[in-house]
Amino acid sequence: MPTLQVCLQWTAVVFNTFTLLIGSLAALAGVYELLYKLDEGSATHIDFEKIRQLAMAGSLILAAVIGCSGAFLGSIKVLVVHLVLLVCLIGAHIYRLVHYNEARHVNATEEFVMGIWLKELSHSGAMHQLEQRYECCGNKGFSDYTTTMRAPQSCFHTMDGVHALYPYTEGCMSAVKRAHLLIYRFEKWVHCGLIGYEIVGIILGITLCCQLTNKPRRYAY
């Protein structure tokens with residue numbers, strides 16, 4: 001029925017438009033996180049996981065554009081390319097979930113914070129970004145400074161130019177590990193959600209392909 005085909009086509013267009021928005025947000029989040037880590041003071045902490053995240057976001061954007069084009073034009077070949085991209089993305093999500101390892105992520109974060117703390121010991125000011133961002137002080141606590149050097153202003157909460165009397169009690173090691181682990185766990189659930197979302201996209205694409213295939217068959221009789 002032509003009406004069903006038109007409904008499926010416009011549903012696919014709307015679905016892929018929303019997918020394009022999701023992919024764009026994922027790409028922006030990946031770029032922001034890369035810049036965020038660079039601003040924290042260590043480019044060596046940036047691994048291939050973030051590069052993969054940007055690549056997956058780009059693939060999702062490409063799949064959305066191809067899906068919109070295929071649905072709007074009613075092209076089965078274009079829709080097949082769209083479906084292949086979605087299947088590849090699901091495989092990438094599964095790969096990320098299989099290799100999900102909180103212990104490894106925590107160890108990498110510990111190395112990152114320790115590296116910056118060692119820089120602080122030889123060059124004052126290396127910890128300022130972390131201390132201001134995570135409201136922490138020193139490596140394990142403000143006592144790290146009192147035993148070797150004076151606690152910097154970044155260890156004190158500041159409001160309207162007025163510094164607090166006492167420094168932050170939490171060390172940056174625990175504060176940064178907690179924040180990074182929270183983000184890492186959130187990413188896991190995002191991957192799970194995208195798998196379900198992309199499966200819906202595949203079902204919609206296959207249904208539309210079947211409807212487009214049946215149309216010329218009906219005219220052949």
Who passes salt bridge (charged side-chain N to carboxylate O under 4.0 Å, His left out) against Glu198, sequence neighbours left out? none
Look at atom CD of Gln153 and say whether more than 12 heavy atoms of other residues, nucleotides or ligands are closer to it than 6.0 Å. no
Contacts under 3.5 angstrom, residues 12-21 side chains, donor-acceptor by atom type, not counting sequence neighbours:
residue: Asn16; atom: ND2; partner: Ala12; partner atom: O; Å: 2.7
residue: Thr17; atom: OG1; partner: Val13; partner atom: O; Å: 2.7
residue: Thr19; atom: OG1; partner: Phe15; partner atom: O; Å: 2.9
residue: Thr19; atom: OG1; partner: Tyr197; partner atom: OH; Å: 2.8

Is the ring pair His157/Tyr168 parallel, tilted or perpendicular, if the boundaries are 30 and 60 degrees? perpendicular
Around atom NZ of Lys140, are there more than 12 heavy atoms from other residues, nucleotides or ligands closer than 6.0 Å? no
hydrophobic_cluster_shared for Leu8 and Ile202, side chain cutoff 4.5 Å: yes
Assess the pair His99 and Tyr95: is the distance between their ring centroids shorter than 6.0 Å? yes
Counting the benzene-type ring for Trp, do Tyr184 and Tyr100 have ring centres under 6.0 Å apart? yes
Hey, could you give me the CH2/CG distance between Trp117 and Leu130, rounded to the nearest 0.5 Å? 11.5 Å
Let me check something: any side-chain donor-acceptor pairs from residues 64-89 under 3.5 Å, sequence neighbours excluded? List them with distances.
residue: Ser69; atom: OG; partner: Val65; partner atom: O; Å: 2.9
residue: Ser75; atom: OG; partner: Val78; partner atom: N; Å: 3.4
residue: His82; atom: ND1; partner: Ala63; partner atom: O; Å: 2.8

Before giving the answer on side chain to side chain contact (heavy atoms under 4.5 Å, CB included), spell out for Leu182 and Arg185 the whole-Å C-alpha distance, their side-chain angles and the decisive distance to 0.1 Å. CA-CA 5 Å; Leu182 184 64; Arg185 288 171 176 170; 5.7 Å; no
Carefully, step by step, assess Arg178 and Glu170 under the rule salt bridge (charged side-chain N to carboxylate O under 4.0 Å, His left out). CA-CA 11 Å; Arg178 184 177 63 254; Glu170 186 177 18; 2.6 Å; yes
Cysteines Cys137 and Cys172 with SG distance under 2.5 Å: no
